[in-house]
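Sequence lines set the chain letters: A, B, ... in the order given, protein chains first and strands last, and positions in each chain run from 1. Heavy-atom basis, side chains included; hydrogens, waters and symmetry copies ignored.
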Protein chains: 2
Amino acid sequence: MKQSTPIPVRERARRAMRAELAMLAQDLFAAKGYEQTTIDDLVAAAGISRRTFFRYFTSKEDLVLGKYDAWSQMLVEGLAARPADEPVWESLRRAFDVVVEYFEDVTLAERSLAMEQVIHDNPALSAGELERISRVQGELAELVGARTGRQAATDPRPTVIAGAALACVVAAKDVWITTDRGRPFGTLLDEAMGALKPV
Amino acid sequence: MKQSTPIPVRERARRAMRAELAMLAQDLFAAKGYEQTTIDDLVAAAGISRRTFFRYFTSKEDLVLGKYDAWSQMLVEGLAARPADEPVWESLRRAFDVVVEYFEDVTLAERSLAMEQVIHDNPALSAGELERISRVQGELAELVGARTGRQAATDPRPTVIAGAALACVVAAKDVWITTDRGRPFGTLLDEAMGALKPV
DNA sequence: GCATAGTTGGCACTCAGTGCCACATATGGC
DNA sequence: GCCATATGTGGCACTGAGTGCCAACTATGC
C-alpha cells in the first residue's frame, strides 16, 4: 500500500521547518504586530540563527505570503481541470472553490483570519499580496486565452477576465474580514461575481 | 487678471524640488537600473544630503510611484464629474481618459514608457503600483456604491465594478508597454473594457 | 570508519529609512 | 535694518532587512 515516497527526507525536513517557522512567526505577528516583530525576535524564539532563517524564507514578507505559491498552483490546476465548454466565468468560480474552502475551514479560521487582518493593516504586505495575485492572474489569463483562442500577450481581454474574477475574490475577502462574517465567504463571492459578466 | 496665487512660495519650491529630483532619479533608473541605483548615487548627483532627500520623498519607491497620488485624485474627480444617469461602466471609461491622455502624450511618452518598463521589471515596484491602484479602487468603489445605493463596506459589488475597470486599465497598459505600441492605448482600453459588462 | 554533500552559525557588509540635534536661511513685525 | 521665530538643511548614529563568505558540524552512502 505504502507507495514509495517521492519526497526525499531532506525536503520533508525542510518543509516541516518552514511550516513551523511560519506558524511561530504568525503567532508573534498576531500578538505584537508585524512591524514590531523583528527577525531577531523570531529567530530567538525559534532557536535558530538569523542566517539560517534566511535560508528558509527569502524575506520577512514570505512568512505571511508564502501560501500564495501553493494557492497559485491550485487555482491554475483547478481552472485547467474544468470542462472546456463550460462558460469561463463559471469555471473561474469553481476554481475558486479551494479558496472558499480555505476561508471556511474552521480549524484554520482563527489563524488565517488573523493573518488576513495583518495583511490588510499593512501596506507593504497588501502590496506583496496584490503582486502575488497579479502573478496568478497572469497564469489564469493564459488559460482563459487558450480557451477563447486569444493571446494574452497581445490581447488584453483574457487578462481582463482573469483580473476581474480575482478582483471579485479580493473584494469578497475584504468584506469578509472587515465585517462580522455573518454571511459565508462563498455567498459573498457568488454575489461579487454575479455583479459582472464577460461579454 | 492674475488671480492671487493660492500656492505659497515654500510649497512651490518644494514641488519644484520634488519634480527635479524625480526627473533626475528616473534618468538614473533608466540608465543603470532601479536596484543598481542607490539613494547615495542620487543625492550625490543632485547635490543634496541623504537626510534632505528623505524629507522630499518618503521612500525610494516614491520617486517612481509618486504620480499615483495625483492620478488618484484626477480619477476620482473625473468619475464624480460624470452625469449620475450615465451607465457606470461608461462613466469609468470616461474617467480614465486622463490616463489615456497621459500615455499618449508625445512629450512624456519616452520617459513614462521607460518608467513603466522599470516598474514592470521590478516586483517590488509592481507591488507598490498595485497597492496604490487598490487605494484608487477603494475611492472609486465609494462613488460607484453611492450611485447604485450600495455600501462598499458591506457589499462587494461596487468594489468589484471599480476593480474590474482598473483591471482593464492595467491589462491594456501591460499589452501597451510590452508590445510595439502599434495600437493606441485608448483603443486597447476600449477593447479591454468591452470584454466585460456590469450586470 | 571514512569521504562527501548538505546544513548551520557567525561575521562583516550594503542599503533603506528614522530620530535627534546643531546650524543656516527665510519670513514677518517693529 | 533688526530681531524673534518658523522652516529647511546636513551630519551622525542607529535600527532592521537581506547577502556573501567561510569555518564547523552532521547526515548519508560506501
In whole angstroms, the gap separating P of D/dT7 from CZ of B/R55 amounts to 14 Å

From CD1 of A/I39 across to P of D/dT19 the rounded distance in Å is 11 Å

>> Checking the side chain of A/R147 only, and the main-chain atoms of A/E86 only, is there a donor and an acceptor separated by less than 3.5 Å?
In response: yes

Among C/dG9, D/dT19, C/dG17, the one nearest any side-chain atom of B/K60 is C/dG17

Is there a side-chain contact between A/T52 and the phosphate of C/dG9, meaning an N or O under 4.0 Å from OP1 or OP2?
yes

Quiz item: Is any N or O donor-acceptor pair between the side chain of B/R14 and the base of D/dG8 shorter than 3.5 Å?
Solution: no

Of C/dC20, C/dA16, D/dT19, the nucleotide closest to the side chain of B/F54 is C/dA16

Ranking B/E35 and A/M17 by the position along DNA chain C of their nearest nucleotide, the one closer to 5' is A/M17

Distance col, row B/L196:CG vs B/W89:CH2, nearest 0.5 angstrom, shows 5.0 Å

B/D40 CG to D/dC12 C1', in whole Å, measures 14 Å

Lys/Arg-Asp/Glu bridge criterion (N-O < 4.0 Å) met for A/D62, A/R18: yes

| query | Relative to the ring of A/F29, is the ring of A/Y34 parallel (under 30°), tilted (30 to 60°) or perpendicular (over 60°)? | reply | perpendicular

Quick note, A/R50 side chain, CB onward, closest among D/dG18, D/dA17, C/dC20 is D/dG18

note: A/F53, atom CZ; C/dG10, atom C1'; distance rounded to Å ~ 17 Å

Less than 3.5 Å between a donor and an acceptor, one on the side chain of B/R51 and one on the base of D/dG8, is that the case here? no

Only one of B/E129, B/Q73, B/E131, B/R135 passes side-chain hydrogen bond (donor to acceptor under 3.5 Å, both in side chains) with B/Y68, and that residue is B/E129

Here the distance between atom P of D/dG18 and atom CD of A/E61, to the nearest Å, is 8 Å

Atom CG of B/D62 and atom P of C/dT18 are separated, to the nearest Å, by 11 Å

When rounded to whole Å, the CG to P distance for the pair A/N122 and D/dG16 reads 16 Å

Next on the checklist: So, OP1 or OP2 of C/dT8: does either fall under 4.0 Å of a side-chain N or O from A/Y56?
Outcome noted: yes

B/L42 atom CG is separated from C/dT14 atom C1', nearest whole Å, by 17 Å

*Looking for any heavy atom pair under 4.0 Å, which part of the strands does A/F57 touch: base, sugar-phosphate only, or nothing?*
nothing

